[in-house]
Amino acid sequence: MDTADFEWVMWFTKFRNYILFAFTGHVLFAKVCSLSAPQHRSIVYMGYGMLAVLSIMGVSYITLILAHCVLLYTVSLVKEKWLCFAAGLGCLATFKVEPFNSWQNGLVTGTFELQDILFYGGAGFTIMRAMSFGLENTEKKDGNYSFLELLKYNFYLPFFFFGPIMTFDRFHAQLNVKDPVRKTNEMWNIQVHAMVHLGAILAVDILFHYLYILTIPSDMKLVKNLSDWSLAGLAYFNLVYDWVKAAVMFGVINIVSRLDHFDPPQPPKCITMLYVFAETHFDRGINDWLCRYVYDYIGENHDNIKKELMATVSTFAITTLWLGPCDIVYIWSCCNCFGLNFELWVQKLFQLEPFASQEAIMSEGMSRRLRAIFGAANFWAIILYNVLSLNSLEFADYVARRLILTGFPLTTFSVWFVTYCGVQLIKERERWLAIEEEATADKEKTE
């Protein structure tokens with residue numbers, strides 16, 4: 001068994017019974033409510049969520065959470081975005097920076113194996129949700145949202161401890177549908193997704209027991225005896241494995257929330273389909289939050305180099321605080337911030353002469369092949385930048401040196417070519433999906 005994968009151990013050994021108990025209770029309460037009093041479902045969701053948090057974490061914890069909610073709600077009444085950000089990030093810092101986090105953790109009485117994980121998970125997501133509430137309240141023209149709306153938003157149990165985050169505007173709109181009606185075949189789709197995730201759980205459990213994907217990179221003596229292709233495959237499958245775990249975790253939560261008539265953030269995009277930094281994320285909820293309130297707000301249409309630099313620096317500064325400031329997070333943030341900006345610099349470069357005129361006379365297929373060459377390089381930059389956060393800086397540095405320096409030119413160009421072929425397939429798939437979406441949109445217009 002791969003003991004290095006503490007996350008999977010936590011979810012399916014220590015935390016399994018908590019998940020089954022809490023989610024089963026939520027589904028039963030939600031079903032009873034939907035049959036008896038659908039107009040009061042928001043109150044039922046909030047009440048059950050608060051009782052579940054109270055029973056698991058105790059009075060001190062829920063009091064601490066409510067204190068932060070009261071503070072951020074009070075600040076939101078001023079209707080100043082900068083003040084909401086300042087107060088929210090200040091509250092978040094108290095859970096990420098010593099000595100404030102230890103002091104608050106010490107307020108929670110009682111000890112059990114999952115206390116720290118649930119403490120910081122629930123507290124961190126509470127602050128992000130309260131910031132979303134406050135920022136949306138500043139945009140509200142007539143009056144303010146009530147404190148009860150914030151409690152309904154924050155204490156929806158499936159999202160409370162581990163997300164994903166739905167921005168308040170989406171959550172509020174979906175929660176307050178008076179007579180929620182399911183789409184055609186929606187329950188069938190939910191059942192299919194449930195079976196798919198059950199299969200994914202079994203697949204990850206097999207990988208967890210037999211492949212040691214996370215343990216091998218920690219043994220550098222063994223790593224140095226691997227061939228170049230084995231090393232490249234190990235780095236790639238580290239990200240795939242992490243993506244599958246994220247897809248399983250968010251997928252299970254999403255199935256429960258879809259039963260409650262929500263349309264939650266989808267699981268992350270498959271790592272194999274990623275060749276641009278702008279689409280790289282493992283938590284679509286946090287990504288949506290950052291894009292709405294920071295990245296898109298500052299960067300606007302993302303075609304101005306100065307604004308893009310400000311947007312990416314601000315985004316990754318908040319991400320660094322969210323993940324918890326430390327050396328490896330600083331390096332990860334700087335690398336990904338550079339990757340996002342470098343994409344725009346290259347794009348701007350190729351809009352200048354003579355590149356622009358040369359691309360204009362190319363066929364669509366040739367232009368796509370040219371972009372795939374750069375996409376292949378980007379793909380491996382994404383892998384290397386994120387492997388260092390999943391494993392170690394030493395492992396990521398060694399993989400980069402083997403593939404780029406030691407293995408040059410044979411390994412470098414052969415890996416690049418294989419990746420290029422993969423990116424070509426992805427771009428072709430995206431092209432066909434765009435054609436299908438356009439045809440569907442045209443059909444709807446004619447009807």
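As the structure is a computational prediction, the values presented were derived from the model and not from experiment.
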Novice: Do Thr312 and Phe338 come close enough that some side-chain heavy atom pair is under 4.5 Å?
Specialist: no
Novice: How long is the span from the CD1 atom in Ile298 to the OG1 atom in Thr315, to the nearest 0.5 Å?
Specialist: 6.5 Å
Novice: Report the residues that fulfil side-chain hydrogen bond (donor to acceptor under 3.5 Å, both in side chains) with Asn391, sequence neighbours left out, ordered by chain and then residue number.
Specialist: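 Applying side-chain hydrogen bond (donor to acceptor under 3.5 Å, both in side chains) to Asn391 gives Asn238.
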Novice: Checking the side chain of Gln104 only, and the main-chain atoms of Leu64 only, is there a donor and an acceptor separated by less than 3.5 Å?
Specialist: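 A pair under 3.5 Å: no.
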Novice: To the nearest 0.5 Å, tell me how far Tyr73 OH sits from Leu148 CG.
Specialist: 10.0 Å
Novice: How close do Ala130 and Leu72 get, heavy atom to heavy atom, and via which atoms?
Specialist: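 Minimum heavy-atom separation between Ala130 and Leu72: CB-CD1, 3.4 Å.
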Novice: Strictly below 4.0 Å, N to O, side chains only: are Lys152 and Glu149 in salt-bridge contact?
Specialist: yes
Novice: Going by heavy atoms in the side chains, are Ile383 and Trp380 under 4.5 Å from each other?
Specialist: yes
Novice: Partners of Ser333 by side chain to side chain contact (heavy atoms under 4.5 Å, CB included), sequence neighbours excluded?
Specialist: Phe316, Thr320, Val329
Novice: Does any part of the side chain of Asn287, heavy atoms only, come nearer than 4.5 Å to the side chain of Tyr295, both counted from C-beta?
Specialist: no
Novice: Pair Leu151, Leu66 - check side-chain contact (heavy atoms from CB on, under 4.5 Å), show working.
Specialist: CA-CA 9 Å; Leu151 295 183; Leu66 288 172; 3.6 Å; yes
Novice: What's the separation between atom CZ in Phe342 and atom CG in Asn336, rounded to the nearest 0.5 Å?
Specialist: 14.5 Å
Novice: Quick one: ring pair (Phe, Tyr, Trp, His ring centres under 6.0 Å) partners of Phe125, sequence neighbours excluded?
Specialist: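 With sequence neighbours excluded, Phe125 shows a ring pair (Phe, Tyr, Trp, His ring centres under 6.0 Å) to Trp322, given in chain and number order.
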Novice: Mind listing the closest non-hydrogen atom pair of Ala311 and Gly299 along with its distance?
Specialist: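 That closest heavy-atom pairing would be CB-N, 3.6 Å.
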Novice: Is the count of non-hydrogen atoms from other residues, nucleotides or ligands lying under 6.0 Å from Phe85 atom CZ greater than 12?
Specialist: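 Above 12, so yes.
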Novice: Would you list the pairs meeting salt bridge (Lys or Arg N to Asp or Glu O under 4.0 Å) in which at least one residue belongs to residues 375-397, sequence neighbours left out?
Specialist: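 Salt bridge (Lys or Arg N to Asp or Glu O under 4.0 Å) check on residues 375-397 returns Asp397-Arg401.
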Novice: By ring pair (Phe, Tyr, Trp, His ring centres under 6.0 Å), which residues pair with His68, not counting sequence neighbours?
Specialist: Phe95
Novice: Got a sec, which residues hit side chain to side chain contact (heavy atoms under 4.5 Å, CB included) with Phe237, two or more places apart in sequence or on another chain?
Specialist: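 Here the qualifying residues are Val240.
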Novice: Distance-only, no hydrogens or angles: does the Asn154 side chain make a donor-acceptor pair with backbone N or O of Leu150 under 3.5 Å?
Specialist: no
Novice: Name the residue from Phe155, Phe262, Phe133 that meets the ring pair (Phe, Tyr, Trp, His ring centres under 6.0 Å) definition with Phe171.
Specialist: Phe262
Novice: Give a yes or no answer on whether the side chain of Arg284 reaches the backbone of Pro265 with a donor-acceptor pair at less than 3.5 Å.
Specialist: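 Between the backbone of Pro265 and the side chain of Arg284 there is no qualifying donor-acceptor contact (under 3.5 Å).
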Novice: What's the shortest heavy-atom distance between Gly25 and Tyr48, and which atoms?
Specialist: CA-OH, 3.2 Å
Novice: For a 4.5 angstrom cut-off between non-hydrogen side-chain atoms, does Asp219 reach Thr215?
Specialist: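 Side chain of Asp219 against side chain of Thr215, heavy atoms only: no contact under 4.5 Å found.
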Novice: Can you give the donor-acceptor pairs under 3.5 Å from side chains of residues 431-438 to other protein atoms, not counting sequence neighbours?
Specialist:
residue : atom : partner : partner atom : Å
Arg431  : NE   : Glu428  : OE1          : 3.4
Arg431  : NH2  : Glu428  : OE2          : 2.7
Trp432  : NE1  : Glu428  : OE2          : 2.9

Novice: Donor-acceptor check, side chain of Asn137 to backbone of Ser76, threshold 3.5 angstrom: yes or no?
Specialist: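 Present.
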Novice: Check whether more than 12 heavy atoms from other residues, nucleotides or ligands sit under 6.0 Å from atom CE of Met187, and answer yes or no.
Specialist: yes
Novice: What distance separates Tyr420 OH from Leu425 CG, expressed to the nearest 0.5 Å?
Specialist: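 Tyr420 OH to Leu425 CG: 10.0 Å, rounded to 0.5 Å.
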Novice: Using the salt bridge (Lys or Arg N to Asp or Glu O under 4.0 Å) rule, collect all pairs that involve residues 369-389, keeping only residues at least two apart or in two chains.
Specialist: Glu359-Arg371
Novice: Only one of Phe350, Trp345, Phe379 passes ring pair (Phe, Tyr, Trp, His ring centres under 6.0 Å) with Phe374; say which it is.
Specialist: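 The residue from Phe350, Trp345, Phe379 that satisfies ring pair (Phe, Tyr, Trp, His ring centres under 6.0 Å) with Phe374 turns out to be Phe350.
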Novice: Which residues pass the ring pair (Phe, Tyr, Trp, His ring centres under 6.0 Å) test with Phe250, not counting sequence neighbours?
Specialist: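 Phe250: no ring pair (Phe, Tyr, Trp, His ring centres under 6.0 Å) contacts found.
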Novice: Ignoring hydrogens and geometry, is there a side-chain-to-backbone donor-acceptor pair from Trp289 to Met128 under 3.5 Å?
Specialist: yes
Novice: Mind checking whether Tyr153 and Phe168 have parallel, tilted or perpendicular rings, split at 30° and 60°?
Specialist: perpendicular
Novice: Using a 4.5 Å cut-off on heavy atoms from C-beta on, say whether the side chain of Asn254 contacts that of His193.
Specialist: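 The answer is no, as the side chains (C-beta and beyond) never meet within the 4.5 Å cut-off.
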Novice: Specify whether His26 and Tyr45 have parallel, tilted or perpendicular ring planes, treating 30° as the upper limit for parallel and 60° as the lower limit for perpendicular.
Specialist: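 Taking Tyr45 first and then His26, their aromatic rings sit tilted (interplane angle of 30° to 60°).
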Novice: How many angstroms lie between OG in Ser132 and CD1 in Ile127, if you round to the nearest 0.5 Å?
Specialist: 13.0 Å
Novice: Within the side chain of Gln174, is there an N or O that forms a donor-acceptor pair under 3.5 Å with the backbone of His172?
Specialist: no
Novice: So, the side chain of Tyr120 versus the backbone of Lys96: is there a donor-acceptor pair under 3.5 Å, distance only?
Specialist: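 No, because the side chain of Tyr120 does not come within donor-acceptor range (under 3.5 Å) of the backbone of Lys96.
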Novice: Run the side chain to side chain contact (heavy atoms under 4.5 Å, CB included) test against Leu390 and tell me which residues pass, sequence neighbours left out.
Specialist: Leu239, Asp242
Novice: Please step through side-chain contact (heavy atoms from CB on, under 4.5 Å) for the pair Leu234 and Leu226, ending with a clear verdict.
Specialist: CA-CA 10 Å; Leu234 181 62; Leu226 297 176; 4.0 Å; yes
Novice: Using the test ring pair (Phe, Tyr, Trp, His ring centres under 6.0 Å), find all partners of Phe159 that sit at least two apart in sequence or belong to another chain.
Specialist: Tyr156
Novice: Which atom names give the shortest non-hydrogen contact between Ser389 and Asn386, and what distance separates them?
Specialist: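 In terms of heavy atoms, the two residues are closest at OG-O, 2.8 Å.
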Novice: Take Asn378 and Glu343 through the side-chain contact (heavy atoms from CB on, under 4.5 Å) test and state the conclusion after the steps.
Specialist: CA-CA 9 Å; Asn378 232 22; Glu343 284 180 347; 2.6 Å; yes
Novice: Please name the pair of heavy atoms, one in Ala396 and one in Leu384, separated by the smallest distance, quoted to 0.1 Å.
Specialist: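 Nearest heavy atoms, Ala396 then Leu384: CB-O, 3.9 Å.
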Novice: Find the distance between CZ (Phe119) and OG (Ser60) and round it off to the nearest 0.5 Å.
Specialist: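 Reported to 0.5 Å precision, the distance equals 10.5 Å.
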Novice: Below 4.5 Å, heavy atoms only, C-beta onward: do Phe417 and Cys421 meet side chain to side chain?
Specialist: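 Yes, at least one pair of side-chain atoms sits under 4.5 Å.
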Novice: Scan residues 126-138 for pairs that pass salt bridge (Lys or Arg N to Asp or Glu O under 4.0 Å), counting only residues two or more places apart or in two chains.
Specialist: Glu136-Arg292
Novice: Would you check if Asp303 and Gln347 make a side-chain contact, meaning some heavy-atom pair closer than 4.5 Å?
Specialist: no
Novice: Any side-chain heavy atom of Tyr293 within less than 4.5 Å of one from Met131?
Specialist: no
Novice: Mind listing the closest non-hydrogen atom pair of Arg402 and Val223 along with its distance?
Specialist: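 Closest pair (atom of Arg402, atom of Val223, distance): NH1-O, 4.2 Å.
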Novice: Does Tyr61 form a side-chain contact (heavy atoms from CB on, under 4.5 Å) with Ile56? I'd like the steps, not just the answer.
Specialist: CA-CA 10 Å; Tyr61 181 75; Ile56 294 172; over 6 Å; no
